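Report on one structure; see the data block that follows.
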Amino acid sequence: MKKIVHLSDLHFGRIDAGLVEPLVEAVNAAEPALVVVSGDLTQRARSHQFEEARAFLDRLPHPQVVVPGNHDVPLYDVVSRFARPLDKWRRFISEEVEPVHEDDEMVVAGLNTARSLTRKFGRVNEQQVAALRERLCRYPDGVLKVVVTHHPFDLPAGADEREIVGRAEMAMEALAACGADLLLAGHMHVSQTGHTAERYKIHGHSALFVQAGTATSTRGRGEANSFNLIRVRHPHIQVERRLWRPESGTFARGPAETFRHTPEEGWERLPEEVAAGITFDEGGTGLQPHIPS
Ligand SMILES: [Fe+2]
Ligand SMILES: [Fe+2]
């Protein structure tokens, strides 16, 4: 069993500072095999905001797969925005804007969706998708194939359709051809899980998409600050939300959903009574206790 901590939309520069220590504590206590951060590390791509984000990442477990978001591209400095949009990212966060983690159970690939030309919306291009496809296709089906973007491949009900990553259909066709399993994203500041089959009608393929809420931003869109703890034990995945609880000053266990992969159906959500019988942790059950709000 492997655990992935999925954080998103940190927004250093506009954070609730009281959440940083509890978050560092909660992520380290989870002992993940990998930490994923799906973009918007800063509020306005300022150097001091990147420095704070860097210091935060340094306190979390490694390895890490961290991709940029639209807020990590300078907005007002027009020269930087168009000539060197991810300069500060490369200086403070990583030379790599599309990092990859590979081990014996999973391959986790970042895909940069942040662009200079649009303030808010993101997209991918054919070269990026071809490179990703080549990387994922090398692996057999037993290896979990995970793609990390900032802009999502699906949306919560009622959201502006333009928030979906541009050229999503083209990208999904390629990802489906290589059996992508799990798409991790952020940007909406709303937690969500679902199946790609509901939006993308690609025969014989259904990936899971998992959006994380914002871990530390003060703009929570009505949700508590949160992150996702994802447990992977082939052919099962469990997505558990960890929710900020001001009364206890901790990120407490929230609702969990368990999914099973079959060659015929792809990923399907398991009913609670079935999920309860699946063991992820030593001595634990598939459904982690849910602390009601
Ligand atoms: Fe954001
Ligand atoms: Fe964003």
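Counting starts at 1 for both ligands and their atoms, following the listed order. Scope of the values below: all heavy atoms of this structure, side chains included, with no hydrogens, waters or symmetry mates. Treat the numbers as computed from the prediction; the structure is a model and nothing was measured.
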Between Lys88 and Arg46, is there a donor-acceptor pair closer than 3.5 Å when you use the side chain of the first and the backbone of the second?
no
Backbone of His71 reached by a side-chain donor or acceptor of Arg44 within 3.5 Å:
no
Can you tell whether the side chains of Asp87 and Arg91 come within less than 4.0 Å, N to carboxylate O?
no
Close side-chain approach of Glu25 to Pro22, heavy-atom, < 4.5 Å
no
Do we see a donor-acceptor contact under 3.5 Å between the side chains of Ser226 and Arg241?
no
Indicate the ring-plane relationship of His151 and His187, choosing parallel, tilted or perpendicular according to the 30° and 60° boundaries.
tilted
Are there any protein N/O/S atoms under 2.8 Å from the Fe ion (ligand 1), and if so, which?
Asp9 OD2, His11 NE2, Asp40 OD2, His189 NE2
